[in-house]
Amino acid sequence: MDDKKYIKLIQSTNIAEYSNIKGMIILKPYGYKIWENIKKILNNLLIKNKYKNVYFPLLIPKNLLNIEYKFIKKIPKELAIVKYTKLKMSNKTKTLKIDKKSKLNTEYIIRPTSEVVIWDTFKKWIETYRDLPILINQWANVVRIEMRNKMLLRNSEFLWQEGHTAHNNKINAILEINKIKKIYKKLIKNYLSIPFINGYKTKTETFPGAKKTYTFETLTKIKGKSIQLATIHFLGNNFSRMFNVKFVNKDGKKKYVYGTSFGISTRLIGSLIMIHNDNNGLLLPPLIAPIQVIIIPIINKINKNKIYSYIKQIKKKISNKIKLKIDKNNNITPGQKFYKYDNMGIPIKILIGNFEFLNKQILIIRRDTFKKYKIKFKNNINGKLLKILNNIQKNIYKLAKKNMYNKIKYIKTYKDLKKNIQKKNGFFITNWSIKDNMKNEIKIKKKLKNSIRCIIKNKKKGKCILSGNNTNNLVVFGKSY
RNA sequence: CGGGGUGUAGCGUAGUCCGGCUUAACGCGCCUGGUUUGGGACCAGGAGAUCACAAGUUCAAAUCUUGUCACUCCGACCA
């Protein structure tokens, strides 16, 4: 799907629209509902795994970023900075302007992410090994003033989930990361029906302050560009050293705390749209869809009441676990409704008209294949719907997986890599020695206009396509969004 | 941050080059009434725009000049 179609689809389905602020969008009810569904699923998974939800401040004092800078030596950019508290009327232009006298003693940064505030707080929360582990999560908005935006995929403000953990040693931190990996895999594969590859980032793309950044990457349907779906950071004891977060262990010795952080964002909605679509519009996985089944009555003046009461009876047969809506809007014709709900990606349509009423049956049309099912009223309608929904959920994943796998190529030589990258976008997997090519990475990125999306550990050794040395690493090249 | 594009009714556009046939047009949508309703219905009537903003040129500006603002696209950047 090209970018224009992608934006059109977001707008025509009422998922989101542009706001008057550059790079910031308005999530409309349908889009926000999708986000709430994602949120609910992940939130439950985290709570089951002993996470507690928290909320930290939106503003970060500049001095905290200074502490971080001294440690990681990287100047943070893309920030929104708060300096003043008052406006005043300009007599000249009769408009409001900043009252320079109201300058704050402390300048604040609107959070681009919350590690520094959280670790500054962990210092207060952690004294002994008994205080560990800490597993917290926050649902919040963050701001990164990006120079270039793409609706839902790269916004200057977005909603996300950020998990932060603190542990008594490295092993426990890594075990936690494995747990989160499983949770994210479940969310992305089982619920969002999005196929992915996962691995870890190269040094240049690792989150500053992290020892290792794990990533989940997928490919868009038509263009074959890669999208990062989720990220997990192993922080080691970097942030505890920055903010001097120590605990007393059983031996009475003071030790640095180990940490992790991880997140997913509203970018997942953009990913859903990029990946699950066809000529008829969006195709939502049933487990995410705000409406799973839409009943469209086909009526005329004479049979109107009969059909509505027939629909009432049908509704009684459907469990309230299925998200059902009946569209009784008389102002638009059934035809228009078919197009509308297909475009919105509603998994199942049920048509009820004179024919169904007279034959005591219903007509089911599934969104992914447009296959029709005629089901008798006396039969198990609820069971049939559940079965089809389940089937659509799996089929959507299968379609997306097939599509992604068609764009994955195993590459044996550098020449081959160059040739394939020029031809088409996709994932190009190849043996690559991270150690040998560290210095080359940026050069190669510029040359190929593709970057290493992630590194995968390989059990077998292979020959690096650049240095020729044996390596355990496979890397995945791709063009990022 | 560099280079392009755009800004006219809720949405999508025409008109701008070459100022006046403009009382600013068209399609969708909206309102009223009626007929319809099985894959984007039709008829009749109606409402809705200081043409992004500001200044200038002119008898006359959506149209020309200058400036400002906003969004967007392409590249650089991107925790």
Side-chain angles (χ1 to χ4, degrees), chain A residues 2-4 6-8 11-12 14 17-26 60 65 68-69 72-79 92-95 109 111-116 142-151 153-156 158 160 162 201-210 212-213 215 228 231-233 235 238-239 261-263 265 267 279-281 296-304 307 327-343 349-359 362-363 365 367 370 372 374 442 445-446 449 451 479-481:
Chain A
D2 63 50
D3 293 353
K4 262 188 192 164
Y6 166 76
I7 303 289
K8 278 261 143 57
Q11 290 168 338
S12 69
N14 274 319
E17 66 184 44
Y18 287 118
S19 76
N20 287 331
I21 299 137
K22 183 182 164 61
M24 298 193 182
I25 60 163
I26 295 156
I60 300 173
L65 289 183
E68 189 190 28
Y69 171 71
I72 64 179
K73 298 287 177 219
K74 186 161 179 182
I75 298 174
K77 286 170 188 167
E78 309 168 345
L79 303 175
K92 245 189 198 170
T93 58
K94 295 284 173 205
T95 52
I109 318 297
R111 64 177 162 226
T113 180
S114 304
E115 272 80 4
V116 292
V142 289
V143 171
R144 298 173 187 180
I145 306 293
E146 300 273 0
M147 287 306 167
R148 196 170 157 193
N149 307 101
K150 173 82 47 189
M151 208 182 225
L153 293 177
R154 180 171 285 111
N155 284 138
S156 288
F158 51 91
W160 78 347
E162 50 180 325
K201 289 285 187 189
T202 60
K203 272 276 170 294
T204 47
E205 297 210 12
T206 296
F207 171 61
K212 221 170 198 183
T213 291
T215 178
Q228 183 171 0
T231 177
I232 308 170
H233 308 298
L235 304 174
N238 282 353
F239 278 88
S261 65
F262 53 92
S265 73
R267 173 183 273 187
N279 289 336
N280 299 292
I296 302 171
I298 298 155
I299 54 162
N300 54 44
K301 262 188 181 164
I302 301 157
N303 66 17
K304 184 177 166 182
I307 292 198
D327 189 342
K328 286 189 179 178
N329 184 356
N330 263 333
N331 298 318
I332 59 173
T333 57
Q336 270 192 53
K337 291 180 188 174
F338 301 152
Y339 280 95
K340 179 181 157 189
Y341 292 111
D342 284 348
N343 191 47
K349 293 191 293 292
I350 298 180
L351 273 57
I352 311 285
N354 221 21
F355 186 80
E356 284 70 29
F357 173 71
L358 293 174
N359 293 292
I362 67 168
L363 177 63
I365 306 172
R367 171 65 182 83
F370 289 97
K372 292 177 180 174
K374 288 174 187 167
I442 293 172
K445 183 180 167 182
K446 279 192 178 156
K449 291 195 167 178
S451 58
K479 199 173 240 174
S480 127
Y481 242 105

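Atom set for the values below is all heavy atoms of this structure, side chains included, hydrogens, waters and symmetry mates excluded. So you know, we letter chains A, B, ... as the sequences are listed, proteins then strands, and number each from 1.
Only the P atoms considered, B:rC51 is 13 Å distant from B:rG10, to the nearest whole Å. To the nearest whole angstrom, the two C1' atoms, one in B:rG56 and one in B:rG19, are 15 Å apart. Nucleotides B:rU65 and B:rA70 place their P atoms 22 Å apart, quoted to the nearest Å. Distance noted for atom P between B:rG48 and B:rA9: 15 Å (whole Å). Straight-line distance between the C1' atoms of B:rC26 and B:rC71: roughly 25 Å, to the nearest whole Å. For the C1' atoms, the distance linking B:rU63 with B:rC21 amounts to 15 Å, nearest Å. The separation of B:rU32 from B:rG38, taken at their P atoms, amounts to 23 Å, rounded to a whole angstrom. Of the C1' atoms belonging to B:rA24 and B:rU8, the separation is 9 Å, rounded to the nearest Å.
Interatomic distance, A:Arg154 CZ to A:Met147 CE, rounded to the nearest 0.5 Å: 13.0 Å. Distance check, rounded to the nearest 0.5 Å: NZ of A:Lys349 to CD1 of A:Ile296 gives 6.5 Å. The CZ atom of A:Phe357 lies 11.0 Å from the CD1 atom of A:Ile352; values are rounded to the nearest 0.5 Å.
Of the candidates A:His233, A:Gln228, A:Glu205, A:Gln228 is the only one forming a side chain to side chain donor-acceptor pair (under 3.5 Å) with A:Thr215.
Nucleotides of RNA chain B with any atom under 4.0 Å from a heavy atom of chain A span, from 5' to 3', B:rC1 to B:rA79.
Residue contacts shown for A:Tyr18 are limited to sugar-phosphate atoms, with no base heavy atom under 4.0 Å away. Nucleic acid contact for A:Asn149: sugar-phosphate only, since backbone atoms but no base atoms lie under 4.0 Å from a heavy atom of the residue. Backbone-only engagement by A:Ile21 is indicated by non-hydrogen atom pairs under 4.0 Å involving sugar-phosphate atoms exclusively. Within 4.0 Å of A:Lys77, counting heavy atoms only, lies no atom of the nucleic acid at all. At a threshold of 4.0 angstrom between heavy atoms, the contacts of A:Pro76 include nucleobase atoms, whether or not backbone atoms are also involved. Base engagement by A:Glu356 is indicated by at least one non-hydrogen atom pair under 4.0 Å involving a base atom. A:Glu146 comes within 4.0 angstrom of a base, heavy atoms only. Here A:Arg154 lies in heavy-atom contact (under 4.0 Å) with a base. A:Ile365 comes within 4.0 angstrom of a base, heavy atoms only. Residue contacts for A:Lys349: at a heavy-atom cut-off of 4.0 Å it reaches a base atom on one of the strands shown. Residue-level contact check: A:Glu68 touches the bases, meaning some heavy atom is under 4.0 Å from a base atom.
Each of A:Asn330 and A:Ile72 lies near RNA chain B, and the nucleotide nearest A:Asn330 is the one positioned closer to the 5' end. The residue among A:Arg144 and A:Pro297 whose nearest nucleotide of RNA chain B lies closer to the 5′ end is A:Pro297.
Evaluation of the salt bridge (charged side-chain N to carboxylate O under 4.0 Å, His left out) rule for A:Lys340 yields no partner, not counting sequence neighbours. A:Arg367 is linked by a salt bridge (charged side-chain N to carboxylate O under 4.0 Å, His left out) to A:Asp278, counting only residues two or more places apart in sequence or in another chain. Not counting sequence neighbours, A:Asn359 has no partner by the side chain to side chain donor-acceptor pair (under 3.5 Å) test. For A:Lys479, there are no salt bridge (charged side-chain N to carboxylate O under 4.0 Å, His left out) partners, not counting sequence neighbours.
The closest donor-acceptor contact from the side chain of A:Glu356 to the backbone of A:Gly353 lies under 3.5 Å.
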Taking it one step at a time, do A:Asn149 and A:Tyr18 satisfy side-chain hydrogen bond (donor to acceptor under 3.5 Å, both in side chains)? CA-CA 11 Å; A:Asn149 307 101; A:Tyr18 287 118; over 6 Å; no

Worked verdict on A:Asn354 versus A:Asn303 for side-chain hydrogen bond (donor to acceptor under 3.5 Å, both in side chains): CA-CA 7 Å; A:Asn354 221 21; A:Asn303 66 17; 3.3 Å; yes

Would you sketch RNA chain B in dot-bracket for me? Only Watson-Crick or G-U wobble pairs with both distances under 3.5 Å count, crossing pairs as [ ], other-strand pairs as |, the rest as dots. ((((((((.[[[[.)....(....]]]].((((((.....)))))).....[[[[[..)....]]]]])))))))....

